[in-house]
Amino acid sequence: MLTKQSRQFVLILLLLLLAACGSGSEEPATENDAAFETETAGDLVIYSGRSESLVQPIIDQFAAETGINVQVRYGSTSEMAGVLLEEGENSPADLFYAQDPGGLGAIANAGMFSTLPEATIALVPDRFTPDSNNWVGISGRARVVVYSTSLINDPAGELPADIFDFVGEEWNGRIGWAPTNGSFQAMVTAMRATWGNDKTREWLQGIQANNPVVYPKNTPIVAGVAAEEVAVGFVNHYYLHRFLAEEGEGFAARNYFLPGGGPGSLIMVSGAGILNTAPNAENAQRFIDFLLSVEAQQYFADETFEYPVVAGININPGLAAFADLDSVALSISMNDLADLEGTQDMLLALGIIE
C-alpha cells in the first residue's frame with residue numbers, strides 16, 4: 001500500500017503529465033480570434049472619381065474578402081483631383097481611383113504618386129500606363145457618339161466620320177454634351193495633343209455656336225438621346241449598355257464609334273495610383289492588385305460593360321469587339337492625356353465651364 005507521501009508524489013506526477021499534453025494541443029480559432037484578425041487587417045481610404053453605382057460593389061467585395069476597413073470619398077474625377085492637390089501632404093487618401101487619365105496625370109504631374117511595382121505594371125499593356133509607372137489602367141472605355149434611332153436611320157451615312165465635322169450648321173440644336181465630365185475633358189486633351197490648341201478651340205467654339213444641350217454627365221445624355229431631346233451626344237460607350245440591360249433592346253439609342261481615327265475615336269482607361277503620403281500604402285497596393293485580378297476584371301466586363309485591360313477575360317457579348325475599335329482608334333499615349341489643367345483653362349476661357 002502506498003504511503004501518504006507516495007500518493008502525493010503520484011498525484012503531482014499525473015498533473016504534470018496532463019499539463020504537458022495540453023500544452024502541445026492546437027485549439028480551433030474562436031470567433032474572437034477571427035474578429036481580432038479582421039481588426040488587424042487595417043484601413044484603406046479611396047478618393048474615387050468613378051461613380052458609386054459602378055464601383056461600390058467591387059469595393060465591397062474587396063473589403064469582404066480581405067477584412068480591410070475601406071472608406072470611399074466620391075466626386076467627379078476633376079473634383080477629386082482638385083481636392084488632392086489642395087490637401088497635398090495632409091491628405092488622408094491612400095489611393096486615387098479616377099475615371100480617366102487626365103485626373104491621374106494632374107496628380108502625377110504634382111509628384112504625389114509613388115511608383116508601382118513592375119509586377120503590377122506588367123499585367124497591363126504598355127499603352128495603358130504612363131511612362132512614369134506611377135498609375136495603372138484598370139478598365140477600358142471608348143468615346144462614342146450615342147445617337148437616337150428614331151432620328152438617325154443610317155448612322156454610317158448620316159453621322160460624320162470625324163468629330164470635328166459636328167461643327168456643321170446641320171447639327172444646330174441637335175447635340176448633347178457634358179463639358180464638366182472628366183472623360184469629355186480627356187477627349188478635349190486628346191484634341192489639343194493631336195490637333196493643337198487652335199483647331200481644338202475652333203471645334204469648341206463651333207459646337208458652342210450650334211447651341212448644344214448641356215448635361216451634367218453621361219447618363220442623362222444617353223437618356224436625352226433616347227427621348228429625342230437631342231439627336232446625338234458625346235459619351236463613353238458603356239452608359240448605353242446599362243440602359244439596354246435595364247430597358248431592353250427597344251431602348252431608342254445606339255452607339256457609333258467614329259471611323260475617322262481622330263480624337264473623337266478615342267480609347268482610354270480608368271486608372272488608379274497610390275499617394276506617396278498614403279498611411280496605408282500596403283492595403284492600397286492590395287486593392288490595385290485586386291482590381292487587376294480575373295475576378296474584378298470579369299466584374300467590369302459583365303457588370304459595368306467595360307473592356308478588361310488584363311488578357312484572358314471574356315467581354316460582354318453586347319459590346320463591339322475591342323480589336324475592331326482599336327483598328328481605327330486614335331493612337332495616343334496616356335502621357336498625352338495628362339494636361340487636365342490646360343484643358344480646363346481653355347474651357348474656362350471660352351465660357352464652356354465655370
Working to the nearest 0.5 Å, report the span between [atom1] of [X] and [atom2] of [Y].
{"X": "Asn211", "Y": "Asn172", "atom1": "CG", "atom2": "CG", "value": "5.0 Å"}
{"X": "Ile121", "Y": "Thr129", "atom1": "CD1", "atom2": "OG1", "value": "5.0 Å"}
{"X": "Leu95", "Y": "Ile288", "atom1": "CG", "atom2": "CD1", "value": "5.0 Å"}
{"X": "Leu116", "Y": "Gln285", "atom1": "CG", "atom2": "CD", "value": "6.0 Å"}
{"X": "Ser293", "Y": "Ile58", "atom1": "OG", "atom2": "CD1", "value": "7.0 Å"}
{"X": "Leu123", "Y": "Leu291", "atom1": "CG", "atom2": "CG", "value": "11.5 Å"}

> Less than 4.0 Å between a side-chain N and a carboxylate O, is that true for Asp289 and Arg286?
Replying inline: no
> Any Lys/Arg nitrogen of Glu169 or Arg174 sitting under 4.0 Å from an Asp/Glu carboxylate oxygen of the other?
Replying inline: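 So Glu169 does not pair with Arg174 through a salt bridge.
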Would you say the side chains of [X] and [Y] form a donor-acceptor pair under 3.5 Å?
{"X": "Asp43", "Y": "Asn280", "value": "no"}
{"X": "Thr304", "Y": "Glu306", "value": "yes"}
{"X": "Arg192", "Y": "Thr343", "value": "yes"}
{"X": "Ser148", "Y": "Glu228", "value": "no"}
{"X": "Tyr147", "Y": "Glu158", "value": "no"}

>> Between Arg73 and Val83, is the side-chain contact (heavy atoms from CB on, under 4.5 Å) condition met? List the steps.
In response: CA-CA 11 Å; Arg73 179 174 176 177; Val83 171; 3.7 Å; yes
>> Walk me through whether Arg254 and Glu249 qualify under salt bridge (charged side-chain N to carboxylate O under 4.0 Å, His left out).
In response: CA-CA 10 Å; Arg254 289 296 184 273; Glu249 292 298 315; 3.2 Å; yes
> Any chance the rings of Phe257 and His237 have centres within less than 6.0 Å?
Replying inline: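 When the ring centroids of Phe257 and His237 are compared, they turn out to be at least 6.0 Å apart.
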>> Is the distance from the ring center of Trp135 to that of Phe113 below 6.0 Å?
In response: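 No, the ring centres sit 6.0 Å or more apart.
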Answer yes or no: is there a side-chain heavy-atom contact under 4.5 Å between [X] and [Y]?
{"X": "Leu350", "Y": "Met346", "value": "yes"}
{"X": "Met191", "Y": "Lys199", "value": "no"}
{"X": "Arg143", "Y": "Asn236", "value": "yes"}
{"X": "Met334", "Y": "Arg127", "value": "no"}
{"X": "Pro92", "Y": "Tyr47", "value": "yes"}
{"X": "Ile332", "Y": "Met268", "value": "no"}
{"X": "Asp94", "Y": "Leu275", "value": "no"}
{"X": "Ser78", "Y": "Thr180", "value": "no"}

Tell me whether [X] shares a hydrophobic cluster with [Y], the cluster being built from Ile, Leu, Val, Met, Phe, Trp, Tyr side chains joined at under 4.5 Å.
{"X": "Ile313", "Y": "Val55", "value": "no"}
{"X": "Val294", "Y": "Phe305", "value": "no"}
{"X": "Phe128", "Y": "Leu340", "value": "no"}
{"X": "Met187", "Y": "Trp177", "value": "yes"}

>> Could you check whether any side-chain N or O of Asp324 sits under 3.5 Å from a backbone N or O of Ser327, counting only pairs where one atom can act as donor and the other as acceptor?
In response: no
> Is Asn210 reaching over with its side chain to a backbone N or O of Gly168, donor-acceptor style, under 3.5 angstrom?
Replying inline: yes
[X] atom [atom1], over 12 foreign heavy atoms within 6.0 Å:
{"X": "Asp126", "atom1": "CG", "result": "no"}
{"X": "Glu282", "atom1": "CD", "result": "no"}
{"X": "Gln298", "atom1": "CD", "result": "yes"}

> Yes or no on side-chain contact (heavy atoms from CB on, under 4.5 Å) for Phe287 and Ile59, after CA distance, side-chain angles and deciding distance?
Replying inline: CA-CA 9 Å; Phe287 181 65; Ile59 292 173; 3.8 Å; yes
>> In terms of relative ring orientation, are Phe251 and Phe243 parallel, tilted or perpendicular, with 30° and 60° separating the classes?
In response: parallel
> Parallel, tilted or perpendicular: which describes the rings of Phe290 and Phe62, with under 30° parallel and over 60° perpendicular?
Replying inline: tilted
List the atom of [X], the atom of [Y], and the distance in Å for their closest heavy-atom pair.
{"X": "Val328", "Y": "Pro259", "answer": "CB-O, 4.1 Å"}
{"X": "Ser183", "Y": "Arg141", "answer": "OG-NH1, 4.0 Å"}
{"X": "Leu330", "Y": "Pro263", "answer": "CD2-CA, 3.7 Å"}
{"X": "Ile315", "Y": "Ala320", "answer": "CD1-O, 4.0 Å"}
{"X": "Leu258", "Y": "Pro160", "answer": "CD2-O, 3.1 Å"}
{"X": "Asn134", "Y": "Pro130", "answer": "OD1-CG, 3.9 Å"}

>> For Ile138 and Val309: C-alpha separation, side-chain torsions, deciding distance, then whether side-chain contact (heavy atoms from CB on, under 4.5 Å) applies.
In response: CA-CA 6 Å; Ile138 299 298; Val309 296; 5.6 Å; no
> Among Leu319, Val269, Asp326, which residue meets the side-chain contact (heavy atoms from CB on, under 4.5 Å) test with Tyr307?
Replying inline: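 Testing each of Leu319, Val269, Asp326 against Tyr307, the sole residue satisfying side-chain contact (heavy atoms from CB on, under 4.5 Å) is Leu319.
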>> Exactly one of Tyr239, Tyr215, Phe234 should register a side-chain contact (heavy atoms from CB on, under 4.5 Å) with Ile221. Which one does?
In response: Tyr215
>> Apply side-chain contact (heavy atoms from CB on, under 4.5 Å) to residues Arg50 and Ser139 and explain how you reach the verdict.
In response: CA-CA 11 Å; Arg50 302 216 60 194; Ser139 55; 3.6 Å; yes
